[in-house]
Amino acid sequence: MSKVDLTQVRPYGDTLNDGIVQLSLTLPLPLSAEAQEAARRWALQSGFQDPKVVHSQDLGEGFSFFVLYARSPVAVDFSSIKVLKSSHKTLEKAEIEALISSKLGRKLVVVGASIESDAHTVGIDAIMNIKGYNGHKGLESYHQIEAYNLGAQVACEDLLARALDVGADAILISQVVTQKDLHLRNLTRMVELLELEGVRNNFLLIVGGPRINYELAKELGFDAGFGPGTFAEDVASFMIEQVLINRKGDHDV
Amino acid sequence: MSKVDLTQVRPYGDTLNDGIVQLSLTLPLPLSAEAQEAARRWALQSGFQDPKVVHSQDLGEGFSFFVLYARSPVAVDFSSIKVLKSSHKTLEKAEIEALISSKLGRKLVVVGASIESDAHTVGIDAIMNIKGYNGHKGLESYHQIEAYNLGAQVACEDLLARALDVGADAILISQVVTQKDLHLRNLTRMVELLELEGVRNNFLLIVGGPRINYELAKELGFDAGFGPGTFAEDVASFMIEQVLINRKGDHDV
Amino acid sequence: MTRPYLANKLQLDPVLIAEARTIANDIVAQVTPFIFSHSTVSVERTIVRMFGVNGVNPEGIPFPNVLVDHMREQGLIEDGAASLIAKACLHYGKNPQSLAEEIDRNELSLENLPDYPLETLHEMALGLALPAVTRIKEQGRNREAMIGSLGQGAEPYLYAIVATGNIYEDIIQARAAVHQGADIIAVIRSTGQSLLDYVPYGPTTEGFGGTFATQANFSIMRQALDEVGQEVGRYIRLTNYCSGLCMPEIAAMGALERLDVMLNDSMYGIIFRDINMQRTFIDQYFSRLINGFAGIVINTGEDNYLTTADAMEAAHTVLASDLINEQFAFLSGLPEAQQGLGHAMEINPDQPDAFLYEIAQAQLIREVFPRSPIKYMPPTKYMTGNIFRAHVQDTLFNVASIMTGQSIHLLGMLTEASHTPLMQDRFLSIESAQLVFQYMRNFGDEITFAADGKIQQRARETLQAAVNMLITIRDTGLFGALEKGMFAEISRSASGGRGLDGVFAKGPNYLNPFVELFGGDANV
Amino acid sequence: MTRPYLANKLQLDPVLIAEARTIANDIVAQVTPFIFSHSTVSVERTIVRMFGVNGVNPEGIPFPNVLVDHMREQGLIEDGAASLIAKACLHYGKNPQSLAEEIDRNELSLENLPDYPLETLHEMALGLALPAVTRIKEQGRNREAMIGSLGQGAEPYLYAIVATGNIYEDIIQARAAVHQGADIIAVIRSTGQSLLDYVPYGPTTEGFGGTFATQANFSIMRQALDEVGQEVGRYIRLTNYCSGLCMPEIAAMGALERLDVMLNDSMYGIIFRDINMQRTFIDQYFSRLINGFAGIVINTGEDNYLTTADAMEAAHTVLASDLINEQFAFLSGLPEAQQGLGHAMEINPDQPDAFLYEIAQAQLIREVFPRSPIKYMPPTKYMTGNIFRAHVQDTLFNVASIMTGQSIHLLGMLTEASHTPLMQDRFLSIESAQLVFQYMRNFGDEITFAADGKIQQRARETLQAAVNMLITIRDTGLFGALEKGMFAEISRSASGGRGLDGVFAKGPNYLNPFVELFGGDANV
Ligand code: B12
Ligand code: B12
Ligand SMILES: Cc1ncc(COP(=O)(O)O)c(C=O)c1O
Ligand SMILES: Cc1ncc(COP(=O)(O)O)c(C=O)c1O
């Protein structure tokens, strides 16, 4: 029983380093022996070894569906992978409340919305609404947080206006529809708007959604990003930590 | 609506040439953001574009499971694909019977078995037993064929002995277990045995099974190979055609 | 499945069901006077469309919008577009399309037209309406003839969506799906179309998560489905969405182009698209009049409630809303046989006995609406990117559907949590549904539920809770109930949302010939 | 599920069931005299093993084989190995292991040993047997204690296979499966082991489609499962195969190493491995004596019949064989609670009403054997390389299993048609079963089947056909029935197949102390 070499990690079927992966795909070809061979060659040209077309099926209209198993010779150097992660420590609700009241000395103000054409609210509601998500209460339930949930389909301009209006510490954005990278466009729009208005540094700018992670959010110019399985306390911990750091920064200046 | 360029066929998700394929694999890593990134990098290193890890799951014992969708830039030249196929015409049972009695003038003699450690008989039975398969009667039901089905786990030597004994025109072999290429070993063994005994040309040597096709069979030194969905008449048509050609060849000499 | 569904497996109390209907009727009756006394810009554009006005101006604005906007600017709208156009036709001797084009070029105005007797205008309007009415009738006959000659799939109908954004790519997907076994093809709309206060024009090839609903797209897809229907030997139904700000216009387009099914539900627009409720109730009345007349099956959107509310807690809200939607349909004369009332399988699968509760709910909706082609939606909320697990969840949905005699079966997709369906996703989904249906078709007939068991109890409790909810709604009024967030846990105010500015009170001489032609209420 | 399963959903006739049992008992009684009057080399090797002989000689031949081969060569075998060894121990004052090693080196022979009174030999043999019996008893107590303290999963138990060929890789797979939820781990054997007339020795890392069954492998896996069982807080059962030519030896190894479940069925060996029927019936009697005493659950292989015969046509053969197997078990004193009688879901899913017939069959087996931990096998024959469709088929199998109260649930694999399970295949399978079980656990209790509906009728017909078949078998005898190919449509002759040369008639002084120690029949 060999040990995993973390500099060369390969897919695992039932034996270390066998490299087995499962694939399925559709080709714009009616089913024939040649189409099956095309599926096999696709796999070979993609660098797989020993591809087995275990299923092929005509889908009609000149398309066929294939299921393959193949061996991948590709190895990933796991030891060199560093994922950019927020370094904040996730606190419990009570700790967060205590921190805000003791260190910040006023309520933390937050506005949130699902922006532009995106009508999905369940994600932002999970973070903000009193009820919360999976037994984790949302930001509205925090005594030390003043939370405004504007809902869905909110234009970037309207969201910013409200944030300025209530003097928000943080702007929370949810993006669920990602087709044709719609979310990237919407999120970039928000950052550009803040920069255009010269208020980018007035707010913590935070985004969440099923295809969001911290790294992507940073790339897009956000302060943080949260993906699936986030709870209110994750983002609240981040916010209070950052707000306190930023304030300290201000004082230092 | 563009037409498929047969020199550059790409996987199809929902738009021509989008290249989308589905993958799933296990990595010998416990689940973490880094492991997810490793899955993504594996896809990138494999040449996929824009890989999306839509699911990741810890499997315990230091393994994780991933489901991905990604775009493949690989295009297959379909126009250049030629698959080696048997050129025989598949006849109906009655036609075959007529052909044997009129042209061969004696019964066609066939022995079949699933060889060596392989205990799967359903495939060879489907071809040979009276009952046949999916409503297609087996060789034993042909009046003009003398068929001996030796069953499973038959040693190559025993099969050959029997073929010599009954003066078979053809030897039919089934191979179902393919793990660790066991079938290739067994099939090669049979060809080598026939050659060693100097009787390779006395018989049509035919193999069938779920992972067999004509091309592979030819490579292994067989006269033909039959895969999933074969019926008795497919192989019977081939046999009588070949036997008649060979006899003609004998006469010509 | 055959309708009416006659089994009474839940031992429901018929008196309680009848009471529920009475209360729902009261609730609708409360808003009816408001609906009847108002119209909207979209209703008027619909009339204009059915008078034959089509196309867009050089700036790309549809002529129906040009015309109705003109009427509003001139302060003439309260008599209704029909009256104005009738008048203008009489006066100028031109047809509505020419009028629209000339008005667009400022060559003509509807201001200061001479007065005609109401009777004359009425007659003229009826004449203008005739071609559309004839065409719609004919489309209905075409449908019947094609079903008669080709036949149709057996219920539950397999309902597949296409959503590439490109109508031509959609056709490829739709044709393949039909060959694979789909009975109904729904062309999902692009994100955001429901918020547009006009209907895009012409064939379109770009959209996000869906394809724009345009009359040209309807016609192109209709033709494709008629063709493939001939190939596979069964009539294929086409679905689109008449919801959002252009609800009745799309209804008209669908009626003219022989759509067969239309998503058509104000409640959905109010709650999930923040459409103003006054606007959309008025629009809905007219839409359903059209759909009813055209023989189009409507689908309602109660299934969506369970994406934001919890399916265990909110099961009764679905039934209550279905009952209200039924009365709204009756108000427009749309019969039960065209009421595809919505519900869904959305209980968290980790909930113990989830299947029993799902069966209770599916069977309950089936038994309360025995004559309606009820629409059953697959799990979406608890689907994850684990496509294999998702395929299992959908299989169980297929099991529940065939076991409880559903009519319209939305195909669940194994990739629900990640993207709109790839061709192979749709294929796998159809394959699973067909396998399960074939495998278990008669299972429902073979079993009975334990008397007072968990299934029967749950169904009865849900029915009772729905009745209680309806009583509360009757007390607060439907507007009040929506404000209180009684549906889907989302609250909307009567004057909020989009489109209220398009609502106006009808003047004393208001005219809409289609209401009577489509068999609408004489009071309108 | 709890046993006994008391529901009577099929309205089966208890008199007919009792009659079936009587006939099955007659059938077994017909072969019992033959079984009791014969022994086999494998039975003798088993005795030798349980006397403590272990290991292999320098050529790799196991000492039990060395010893028994020696006895045969010397023509001494008819008294039985126990008698001979007892004699030699008395004579040489050595233990059996030393005897074996010295015989192997030709330093010693069993020829020409002096005579001892039978009583003395008997007593000596009992003494030699004691350590093994004590150990087996202790293992039984260990099992009970661990189940008592850790608890165990609920039925249906999730039964997962590992088949890498490498015992250490198997452990990784097994541990992961247990963490995912498996209750039983079966280590599949390498292709062909059943035809070996000896048991391989030591830990092994190479095999085709499975891992060799060796005592070392048993022990290694047992320890791994005990450990992971502690981690997950439930007792994990270990399964292997005591079938083929070494059936009783493996039973002994399993009893010593605390396996919990053993595939153990002569019928399977005869039909699917071409093992000689005389040989294996004798071997089976002793195997089951061991398994019964050790508290090991046996699994029978009737499910396999439906891979070569048609599941619609041959359903009754499964039941008939289960009834015979039950009587064979009783013959060895193995109680119902340890009888994992096999059946399977193998009807072609394209067959209309397939689900009804599958439910009829699964429920029938459940009701005929209410106290037995029946084993339910997933679809295999109609699985294709379409892993998504296969996953749907397995989901329906999971549904059928939980609905009919099965006990041991073999996990179906989405890759059944292509390869032995990858780690991810097994995970997906466990996940699906867990989801379905949790989802539908109480569904069976909620439903009753229509009186005289398709399900009840099918079940009754199958029962009647099984009785008819048993009557025919009683007429021809079991050997005759096997020759006629009445099971699985495969015919085997009484003197054909492998292993007949290992059968011998017991001499008048034949001795096997384990029969009485394990509570076997006094006549043996
Ligand atoms: C519910 C739902 C709807 C509901 C939405 C109701 C509502 N008020 O929200 C309705 C039915 C209205 C709907 C409509 C549509 N939907 Co929708 N919908 C879904 C569905 C089923 C579930 C989404 C959900 O609620 N998830 C649960 C929440 C809790 O998860 P989450 O959003 O990921 O949130 C968590 C984290 O991401 C994070 N998070 C999220 N936001 C934020 C924000 C911050 C600041 C932080 C810190 C964290 C955070 O924390 C949350 C809790 O852990 C998904 C499929 C699926 N199963 O995922 C499709 C899905 C998202 N919808 C989809 C589509 C295409 C649509 C439509 C465009 C379809 C159409 N053409 O009509 C429409 C229109 C919507 C529009 N204009 O945007 C697609 C998106 C495809 C893509 N990748 O782009 C999906 C994936 C379905 C599919 N396969 O096609 N939908
Ligand atoms: C039935 C079956 C069994 C039965 C066999 C009974 C019997 N008497 O045949 C039993 C239960 C005994 C069995 C045992 C085992 N099996 Co098995 N079995 C299967 C199963 C479920 C179906 C195979 C089958 O009958 N297919 C139907 C026939 C009609 O199809 P076919 O063989 O492809 O034949 C067609 C064509 O290929 C062609 N054809 C085939 N042969 C020939 C020959 C000629 C001359 C021609 C012209 C055509 C032809 O025509 C046929 C009709 O169209 C498959 C899984 C599956 N669903 O495929 C596993 C499978 C084949 N078995 C498998 C294994 C590993 C085993 C075991 C080794 C497991 C074990 N360790 O105990 C044992 C031992 C067998 C051994 N020593 O060989 C693996 C093989 C993995 C691999 N790729 O190597 C499979 C794929 C299951 C799995 N996923 O693990 N098995
Ligand atoms: C009732 C109803 N209308 C409309 C839609 C589609 O949304 P939109 O109107 O935004 O295209 C849906 C989608 O699920 C729906 O259920
Ligand atoms: C009853 C029985 N015994 C044994 C086996 C395993 O085969 P073998 O004994 O060849 O390892 C099986 C496999 O399915 C079986 O069902």
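Protein chains get the first letters and strands the later ones, always in sequence-line order, with residue 1 at the start of each.
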Roughly how far, to the nearest 0.5 Å, is the [atom2] atom of [Y] from the [atom1] atom of [X]?
{"X": "Phe208(D)", "Y": "Thr178(B)", "atom1": "CZ", "atom2": "OG1", "answer": "11.5 Å"}
{"X": "Gln153(B)", "Y": "Leu195(D)", "atom1": "CD", "atom2": "CG", "answer": "4.5 Å"}
{"X": "Ile490(D)", "Y": "Thr121(B)", "atom1": "CD1", "atom2": "OG1", "answer": "5.0 Å"}

Taking all non-hydrogen atoms of both residues into account, name the closest pair between [X] and [Y] and its distance.
{"X": "Ile172(D)", "Y": "Glu61(B)", "value": "O-CG, 4.1 Å"}
{"X": "Ala119(B)", "Y": "Arg273(D)", "value": "CB-NH1, 3.7 Å"}
{"X": "Val122(B)", "Y": "Thr307(D)", "value": "CG2-O, 3.5 Å"}
{"X": "Gly60(B)", "Y": "Ala176(D)", "value": "O-CB, 4.5 Å"}
{"X": "Gln424(D)", "Y": "Ser24(B)", "value": "NE2-OG, 3.0 Å"}
{"X": "Met423(D)", "Y": "Thr26(B)", "value": "SD-CG2, 4.3 Å"}

Chain B contact via [X] - side chain, backbone, both or neither, heavy atoms under 4.5 Å:
{"X": "Ala177(D)", "value": "neither"}
{"X": "Leu422(D)", "value": "neither"}
{"X": "Phe272(D)", "value": "backbone"}
{"X": "Ser418(D)", "value": "both"}
{"X": "Glu206(D)", "value": "neither"}

Legend entry - Atom CD of Gln223(D) with >12 non-hydrogen neighbours under 6.0 angstrom: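 Result for CD/Gln223(D): open.
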Inset, instruction - Take atom CD of Glu92(B) as the centre, draw a 6.0 Å sphere, and report whether it contains more than 12 heavy atoms from other residues, nucleotides or ligands. - result: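 Check fails, neighbour count at 12 or below.
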Legend entry - Side chain Lys180(B), main chain Gly209(D), donor-acceptor under 3.5 Å: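 A pair under 3.5 Å: no.
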Inset, instruction - Would you check if the side chain of Gln180(D) reaches a backbone N or O of Leu59(B) as a donor-acceptor pair within less than 3.5 Å? - result: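 Confirmed, Gln180(D) side chain pairs with Leu59(B) backbone.
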Legend entry - Pairs touching residues 123-132 of chain B that satisfy salt bridge (charged side-chain N to carboxylate O under 4.0 Å, His left out), sequence neighbours left out: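 Qualifying pairs, neighbours excluded: Lys131(B)-Glu489(D).
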Legend entry - Interface residues of residues 491-499 of chain D facing chain B - non-hydrogen atoms under 4.5 Å apart: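 Only Arg498(D) of residues 491-499 of chain D have a heavy atom under 4.5 Å from chain B.
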Legend entry - Interchain contact, Gln57(B) with chain D, by part (heavy-atom threshold 4.5 Å):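 Answer is side chain: those atoms of Gln57(B) sit under 4.5 Å from chain D.
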Inset, instruction - Would you mind reporting whether Phe63(B) and His179(D) have side-chain heavy atoms less than 4.5 Å apart? - result: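 Not touching, per the 4.5 Å side-chain cut-off.
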